[in-house]
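Below, chain A is the first sequence line, B the second, and so on; all start at residue 1.
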Amino acid sequence: MNSTPHRATIYLEDARILGHESHPGEQRILKLEAPKCAQAARPGSFAHLQCDPLLPMRRPLSIMRVDPEAGWVEFLYKIIGYGTRLLARRRPGENLSLLGPIGRPFAVHADRPRAVLIGGGVGIPPMIFLANHLRRLPGFKPLAILGSEVPFPFIPRPSRILVPGMPDGIIAAMPLLEDWLIPSRLASLQGFPGCHDGYVTDLVVRWLDTLSPRELAEVELFACGPHPMLEAVARLARKYDLPAQVSLEEFMACGVGGCAGCTVAIETADGQAMKRVCVDGPVFDAATVAAFKPA
Amino acid sequence: MNLSVVDKRLAVDFCGLELASPLVLLSGCVGFGEEYTRIEAFSNREVGAICLKGTTLAPRLGNPPHRVYETPCGMLNAIGLQNPGAHQVVNEILPQLDFSETRFIANVSGSTVEEYVEVARLFDDSPIDAIEINISCPNVKEGGVAFGNDPDMSARVVEACRAATNKPLITKLSPNQTDIAENARRCIEAGTDGFAVINTLMGMAIDVEQREPIIGNNQGGLSGPAIKPLAVLKTHQVYQVARPHGIPIIGQGGVASAQDALEFLIAGATAVGVGTALFYDPLIVGKINAGLAAYLDRHGLDHISHLTGSLMLHGATSACG
């Protein structure tokens, strides 16, 4: 992957809240009117939001969906701390400041059309954005494997699309992806019906094992989610010799590359370097993430 | 130099440098001066000067994550002087900066007096407008605040850098010391041309579930509105020492509005630093400039410099007690 920082223009918009839905497990789907961000965002981009006028720092949230024509962007987040708790109190019709889109997006490769989109929890949004992008690209055959330990922020439905290698009864899928004719399967340790009782990577392995060597050479992994999940994806990529792009997160201050507050250790040709999640990422080649190196 | 974007009444002289606005973007907040220009409508021309990221002789990787954490009305940071080293800054980064936009100030750091001197010398032979000596970084094991909290060491660093450069020399003072005025006095004797008051305060936040510090470096520097009253007082204390010598001050710490900037100017600052507030509002500088101009209108003042040190204390001559 290119290692120069992402330099696209970042917009500051006073965004009107168009919708703010509650979902179980303290999840919220936030829809903002932000036409410039909607126009410029790419799968993997995030926005830095002012949750409340009294908070000194913004919060970075991955973009889930955009409508460039209608001028809106949509986020899924979970209330996990003070900032997101204040954000959850904001009501439709109110405005909040949005800085975005930010960050290096996912890069797709025509010679690897079998894109596996692996999302965990609030790591699901960038996978939805990427799926929506890939369905318009000729030749791409994306497969989404999503996991959650709280109820999914949508009502799963039995899939009408066959996915080779899936265990018996693992038929739950994300309706939006089904409508886009993108196969998906769900995993959770919470025993949700039709979902795999285990990890997302279990399902990815089962599917990979059905592929011929030639098909395997067409696979690329894309992932966003909790650290242990991304580490498992990196392991899996090494085992099957597959390229994997992971979207990372870290506490963030400026969001535009100025403060170096959000860095992660990345292996480069010149040795280890601390790279900024905001503008050097958030998408990195999993093979370069120092924390995912084999012990 | 194109200074036309800022009200001319806001232009100030700082150590012989004409700044288009009294507002200075602080070291560590804006990388090496070009990062914020990604943002639509952001312009370096709106600020008087930009202090570049702290620079050491050799490249530094900086501290492990987490490096930043929000605290009530502020934030902790412990970046650890991540920088590509002075040679790369001087040879590769400075040539890419547009010096017609604003003034650029180097921020020099080191683990030894010799390192400070070597870095200052490299910047002396560069187009940089001024050099800020960072003897107050709270996030490194050697140098930094360990020098800045000791008046003898502070003076030694300033004196040695003074001998290495003819550029304007600004000493960034630490609030983590008993008597900032005494330290300022020693730095003036050692040859500083100006002061930056203050750097961050040392602090800690703890994850009570894990019983470990949240910041990877264990402790970090506290910035933001939480520290503003302390920074205003320190600015005033240093002003009382610096004024007789004509030594100007960049007052800084939690500035997030024109009202805040005015407090620092009235307390004795000639220029005002903006740092953490940029993270909240990257376009805040234009708003503060506008607020300062409106204040001049409201008070019938023809120039911002009339405010410097205009504080009228209540029945006392010192704010130190």
Query raised in the report: Is B:P282 close to A:L12 at the side-chain level, that is, under 4.5 Å between some pair of heavy atoms?
Result: yes

Query - Close side-chain approach of A:R59 and B:E70, heavy atoms under 4.5 Å - result: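 Counting from C-beta outward, A:R59 and B:E70 do come under 4.5 Å.
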
Do you know which of [options] has the most heavy-atom pairs under 4.5 Å to chain B?
| options | answer |
| --- | --- |
| A:T9, A:L54, A:I10 | A:I10 |
| A:C254, A:A273, A:C262, A:P53 | A:C254 |
| A:Q272, A:H48, A:Q50, A:K36 | A:Q50 |

Taking atom [atom1] as the centre, does [X] end up with more than 12 heavy-atom neighbours from other residues, nucleotides or ligands that are less than 6.0 angstrom away?
| X | atom1 | answer |
| --- | --- | --- |
| A:K78 | NZ | no |
| B:Q82 | CD | yes |
| A:L189 | CG | yes |
| A:Y199 | OH | no |

Between [options], which has the largest tally of heavy atom pairs under 4.5 Å with chain A?
| options | value |
| --- | --- |
| B:Y280, B:Y36, B:F42 | B:Y280 |
| B:T37, B:L278, B:L61 | B:L61 |
| B:A256, B:G74, B:A226, B:P59 | B:G74 |
| B:G224, B:G62, B:C73 | B:C73 |

Chain B heavy atoms under 4.5 Å from [X]: which part of the residue, side chain, backbone, both or neither?
| X | result |
| --- | --- |
| A:A8 | backbone |
| A:S97 | neither |
| A:I102 | neither |

Query raised in the report: Side chain, backbone, both or neither: which part of B:L25 has a heavy atom under 4.5 Å from chain A?
Result: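 Contact with chain A involves no heavy atom of B:L25 at all.
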
What pair of heavy atoms forms the shortest contact from [X] to [Y], and how long is it?
| X | Y | answer |
| --- | --- | --- |
| B:E35 | A:G257 | CG-O, 3.3 Å |
| B:T71 | A:P56 | O-CG, 4.1 Å |
| B:M75 | A:A253 | CE-CB, 3.9 Å |
| B:P64 | A:M274 | CA-CE, 4.5 Å |
| B:P65 | A:E250 | CB-OE1, 3.7 Å |

Query - Donor-acceptor under 3.5 Å (B:R67 side chain, A:T263 main chain) - result: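 No, because the side chain of B:R67 does not come within donor-acceptor range (under 3.5 Å) of the backbone of A:T263.
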
Requested in this report: Enter the distance from B:Y69:OH to A:M57:CE here, rounded to the nearest 0.5 Å.
Outcome: 10.0 Å

Query raised in the report: What orientation do B:H66 and A:F251 show, parallel under 30°, tilted 30 to 60°, or perpendicular over 60°?
Result: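 Judged by the thresholds at 30° and 60°, the geometry between B:H66 and A:F251 is parallel.
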
